[in-house]
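Okay, so here's the structure we're looking at.
Within every chain, numbering begins at 1; the chains are lettered A, B, ... in the order of the sequence lines, protein sequences first and strands thereafter.
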Amino acid sequence: MADCSRQLQEQVRTASAERRALAITGGGTKVFLGRRPVGEVLDVSAHRGIVSYQPVELVLTARAGTSLDVLEAALQEHGQMLAFEPPHFGPGATLGGTLACNLSGPGRPWWGSVRDQVLGIRLLNGRGEHLRFGGQVMKNVAGYDISRLQAGAMGTLGVITEISLKVLPQPALTLTLVQAHPPATAITRMNQYAGEPRPLSAACWLDGRLYLRLSGAASAVQAAAGQWGGDRLAAAEATAFWSALREQQQAFFQPALRGETPLWRFSVRPNATLPELPGAWVLDWAGAQRWYRGTGEPARMETLAAAMGGQVTLFRNGERRAEVFHTLPGALQTVQQRLKRQFDPAGIFNPGRVYGWL
Amino acid sequence: MSKSPPAREALAARLRACVGSQYVIEDAETRRPYECDGLAMYCELPQLVVLPGDVAQVQAVMRICHACGVPVVARGHGTGLCAGAMPHPEGIVLSLARLSAILAIDPEARTARVQPGVRNLAISEAVAEYGLYYGPDPSSQIACSIGGNVAENSGGVHCLKYGLTVHNILKLEVISVEGEKLDIGSEGLDSGGMDLLALFTGSEGLLGVITEITVRLLPVPERARVVMAGFDTIQAAGDAVGGIIAQGIIPAGLEMMDSHAIVAAEAFAQAGYPVAAKALLLCEVDGTDAEVQEHSTRIETLFRQFGATSIRTSRNEAERALLWKGRKSAFPAVGRISPDYYCMDGTIPRSQLARVLTEIDRMATEYGLRVVNVFHAGDGNLHPLILFDANVAGEFERAEAFGGRILELCVAVGGCITGEHGVGIEKIRQMPVQFSPEELAQLEAVKQAFDPQATLNPGKGIPLLKRCQEYRTLEGHAHG
Ligand SMILES: Cc1cc2nc3c(=O)[nH]c(=O)nc-3n(C[C@H](O)[C@H](O)[C@H](O)COP(=O)(O)OP(=O)(O)OC[C@H]3O[C@@H](n4cnc5c(N)ncnc54)[C@H](O)[C@@H]3O)c2cc1C
């Protein structure tokens, strides 16, 4: 539960003076993501502990190295939750890594992403200055939104040392329905249901079945379940299902976890038509997040993603010295490179982790 | 250092060639309406006002201004409350008002692609036939533009449950200071790399000109109901707010008014507010019929437990509209009881509510000015309205000094200087209260990455560091 910000600051200053690359690391559970890390490990995991948590304010502040387990247990005691349902992808996953990778679970389209819930951060920039942006209140528009800018940056702009988040009460009732559909019908249904004023909180198609999670006031949940129909999963089974989906533990993901096949993540328009490909799909986020298991040429996958209005990432396996995130147009590359230089002039933070040119 | 007439004429000629002569405003009379935004105390005449008709014209205008080093102040519909759209005396105002088309609606994916000049409410009106609406609802929603909303990251009464602008947009088209087009975000819920969509949201026209926005749409709830309760003390009302949250209910909206606001609003709107109460809460719940019934009953019980002196729950849409009418007309209502008012926008942790309001009251006596409080209680966003008379010498200066002290108080209790109105020119003096010199330097460095010559809305948002020292010295004097 220590405050190690001084040590971290020293390490950053030294690395910066010597122009040595740092590989910022929390629990090390997302080391598979992005391009191959390079440089000396800067371990943030000892900088941990909840700094403040006021359940009535719906605000929690914790050091970046705090593990998600610790946060979830503290919230559970007060009937609250991390609304973005972060995937852990292994023991010891930290809050800082979750924001840096912008990882959120099945409820994301309705409850928001980790980026959506961030209220403020503290950040060590490349000059070793310990800075504070945003705050601990729900609304704050003073200065640029440096806090949310970190989401997806994977540590390329600095070392996140502390995060304030909006948290939410746990829903009174949660119920999961299962309907059998081919994928095209499932896409139509998911989008149709998401357009109705019902307490939908997750919608996923896997192995020919559409899983619909309803969360909220008991009356609203029961009414929607009656209207939409389908088999109801037992509570324990439902919890296990959504947790396995979030953690990529279902059979679908196993070959990718064993390193046998590439796993692609498409972030696209939720009602986009599914392209014909030889591999297998899982559709989450009511169709907005699609997992594809199979080999493919990156350029071809990007063309398919663009046709679906979004982007593709090589999430697991494949060649991780090449680019793994969707190619950006030149103008956006320039913007990101310029921004990086303004935070990290010596280029020490996770160089090349997101893109080879960053 | 005003531009010489020939320089202005030469610039105008080049701009006329790209947008058409009727869309370059040169005469002082017609430029006048553009001299300020909703914060009329700050005004300045621009060299020219330019109204491009499409994105290619925006790019052409930006290229010309960039080549000549002419400052560009983007303008939506001028309802901003921080002088963010106040013109630069050396520069042009780039009005996005003519870019007012709703380009596409995808009811199935629940999105709309719109131009920046579209009014906030017009989006919800256009998609109503699909049972959808656009969530963020600033009180100015009849008038303000969606481009301005993105530039300010605007909120509204319903953002406690449905989020701010940043939570409700997917994609932006931005024109850089050089006139280059940037596509930020996608039709999916996220994109690879750092979150530029969030960086642009709330950037106050300092990083680029927003020319297209893809917004997310929400299904219209089956029903909404408002529970109104009067309380004897601000403390009791504040505790009741905490009580609702502790019950696990996130209301769609949760607004508070103090006794001055209750009286003014009642006189204006005749909504049936309890004029003897010291604090009024308006709590809206929405959802399915059964859910709304369940929640409103629980909230009534809770309000009673927290000592409400009166409770009234809307029985139909007309009554709900009436109960909101008082709150929504609070600003004009205050306009009736005072020649002028100055609206502040600090945010505080909710637990500090009673303490902050008591202190504001004390300062009001110190400055000899009245203050009326209406605010978004659910998220701690205060809107103290300081009453003054601009015709009385020195009153505005006093109101401004008082306002500055309120913002400093917000920071001191763990809050911030602006929840939704932005920094603009108005709050630039308070930026050093919230941020250290190193933090301000980092913010300035972000600006540099997009606009190294600082011609996009110069002088707004982020104070230049050499000025901060001056501000600090000034503040020191002001506080004596
Ligand atoms: C009575 C009243 C009530 C209000 N209530 C609320 C409220 O409840 N919540 C809230 O958040 N705000 C509120 N406001 C403030 C204001 O309406 C919002 O800030 C709104 O978003 C401004 O939109 P606009 O089109 O009028 O922008 P403008 O005032 O024209 O501009 C605002 C800022 O945005 C920049 N800008 C505008 N368009 C663009 C663009 N296309 N690209 C880049 N930069 C651009 C300008 O340079 C300026 O800095 C209220 C204002 C009034 C007068």
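For the set B/Gly414, B/Ser176, B/Gly192, the entry with the most heavy-atom pairs within less than 4.5 Å of chain A is B/Gly192. For the set B/Ala109, B/Ser186, B/Gly287, B/Ala290, the entry with the most heavy-atom pairs within less than 4.5 Å of chain A is B/Ala109. Among A/Gln170, A/Arg265, A/His130, A/Gln192, the residue with the largest count of heavy-atom pairs under 4.5 Å with chain B is A/Arg265. Contact count versus chain B (heavy atoms, under 4.5 Å) is highest, among A/Ala142, A/Ala306, A/Gly310, for A/Ala142. Between chain A and the options B/His295, B/His421, B/Gln247, B/Arg216, heavy-atom pairs under 4.5 Å are most frequent for B/Arg216. Between chain A and the options B/Leu196, B/Ile417, B/Leu132, heavy-atom pairs under 4.5 Å are most frequent for B/Leu196. Between chain A and the residues B/Gly346, B/Ser351, B/Gly185, B/Ala246, the largest count of heavy-atom pairs under 4.5 Å involves B/Ser351. Between chain A and the residues B/Leu199, B/Thr111, B/Val423, the largest count of heavy-atom pairs under 4.5 Å involves B/Leu199. Ranked by non-hydrogen atom pairs under 4.5 Å with chain B, the options A/Lys340, A/Arg148, A/Met308, A/Met138 are led by A/Arg148.
Proximity to chain A (any heavy atom under 4.5 Å) is restricted, for B/Gln434, to the side chain, taken from C-beta onward. Contact of A/Ala223 with chain B is not made at all, since no heavy-atom distance falls under 4.5 Å. For A/Leu123, no part lies near chain B; criterion is any non-hydrogen pair under 4.5 Å. Of the atoms belonging to B/Asp183, it is backbone heavy atoms, and not side-chain ones, that fall under 4.5 Å from chain A. When heavy atoms are compared at a cutoff of 4.5 Å, A/Leu328 does not approach chain B at all. The contact between B/Asn381 and chain A is made entirely by side chain atoms (from C-beta outward), counting heavy-atom distances below 4.5 Å. Heavy atoms closer than 4.5 Å to chain B are found nowhere in A/Ser113, neither backbone nor side chain. Looking at A/Asn191, the atoms closer than 4.5 Å to chain B (heavy atoms on both sides) sit in the backbone and in the side chain alike. Looking at B/Gln448, the atoms closer than 4.5 Å to chain A (heavy atoms on both sides) sit in the backbone and in the side chain alike. Residue contact with chain A, scored on non-hydrogen atoms closer than 4.5 Å, involves the backbone and the side chain of B/Lys447 alike. Looking at B/Arg110, only its side chain comes within 4.5 Å of chain A, counting heavy atoms on both sides. Both the backbone and the side chain of B/Leu189 come within contact range of chain A, each with at least one heavy atom under 4.5 Å from a heavy atom of that chain. Looking at A/Ala272, neither its backbone nor its side chain comes within 4.5 Å of chain B, counting heavy atoms on both sides. Only the side chain of B/Glu204 has a heavy atom closer than 4.5 Å to any heavy atom of chain A. Looking at B/Ile244, neither its backbone nor its side chain comes within 4.5 Å of chain A, counting heavy atoms on both sides. At a 4.5 Å heavy-atom cutoff, the contact between B/His376 and chain A is made by side-chain atoms alone. Looking at A/Arg115, the atoms closer than 4.5 Å to chain B (heavy atoms on both sides) all sit in the side chain, from C-beta outward. For A/Pro329, no part lies under 4.5 angstrom from a heavy atom of chain B. Of the two parts of A/Val335, only the side chain, counted from C-beta on, holds a non-hydrogen atom closer than 4.5 Å to a non-hydrogen atom of chain B. Interface residue B/Val166: backbone and side-chain heavy atoms are both found under 4.5 Å from chain A. With a 4.5 angstrom heavy-atom cutoff, B/Glu180 touches chain A only via side-chain atoms. Proximity to chain A is limited to the side chain of B/Ile462, based on heavy atoms less than 4.5 angstrom apart. Heavy-atom distances place the side chain of A/Arg127, and not its backbone, under 4.5 Å from chain B.
Proximity of the aromatic rings of B/Tyr162 and B/His167 is defined here by a centroid distance below 6.0 angstrom, and this criterion is not met. Ring pair A/Phe266/A/Trp291: centre-to-centre distance not below 6.0 Å. Residues A/Phe84 and A/Trp111 keep their aromatic ring centres 6.0 Å or farther apart.
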Criterion ring pair (Phe, Tyr, Trp, His ring centres under 6.0 Å) on A/Phe325 and A/Phe315, from CA distance to verdict: CA-CA 8 Å; A/Phe325 287 102; A/Phe315 201 78; 8.8 Å; no

Verdict with supporting geometry, A/Glu57 and A/Gln136, side chain to side chain donor-acceptor pair (under 3.5 Å): CA-CA 9 Å; A/Glu57 299 280 349; A/Gln136 293 181 280; over 6 Å; no

Verdict with supporting geometry, A/Asp116 and A/Lys166, salt bridge (Lys or Arg N to Asp or Glu O under 4.0 Å): CA-CA 9 Å; A/Asp116 287 336; A/Lys166 178 177 178 178; over 6 Å; no

Stepwise side chain to side chain contact (heavy atoms under 4.5 Å, CB included) test for A/Thr156 and A/Asp344: CA-CA 8 Å; A/Thr156 48; A/Asp344 178 19; over 6 Å; no

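Taking each heavy atom of A/Ser164 and A/Thr61 in turn, the nearest pair found is OG-OG1, 2.7 Å. Listed here is the closest heavy atom pair of A/Ala224 and A/Arg198: CB-CD, 3.7 Å. Between B/Val285 and B/Ile299, the shortest heavy-atom distance links the atoms CG1-CD1, 3.4 Å. Across every non-hydrogen atom of B/Ala377 and B/Arg350, the tightest pair is O-CD, 2.8 Å. Nearest heavy-atom pair, B/Gly415 versus A/Val137, reported as atom, atom and distance to 0.1 Å: CA-CG1, 4.0 Å. Nearest heavy atom pair, residue B/Glu152 against residue B/Cys82, reads OE2-SG, 3.7 Å.
For residues 324-337 of chain A, the pairs satisfying side chain to side chain donor-acceptor pair (under 3.5 Å) are A/Glu302-A/Thr327, with sequence neighbours left out.
At least one side-chain heavy atom of A/Leu157 sits under 4.5 Å from a side-chain heavy atom of A/Leu149. By the 4.5 Å heavy-atom criterion applied to side chains, A/Gln150 and B/Asp195 are not counted as neighbours.
Counting only distance, with no hydrogens or angles, the side chain of B/Lys427 and the backbone of B/Gly422 share a donor-acceptor pair below 3.5 Å.
Ring geometry for A/Trp357 against A/Tyr355 counts as parallel: the plane angle stays under 30°, on a 0 to 90° scale with 60° as the upper cut.
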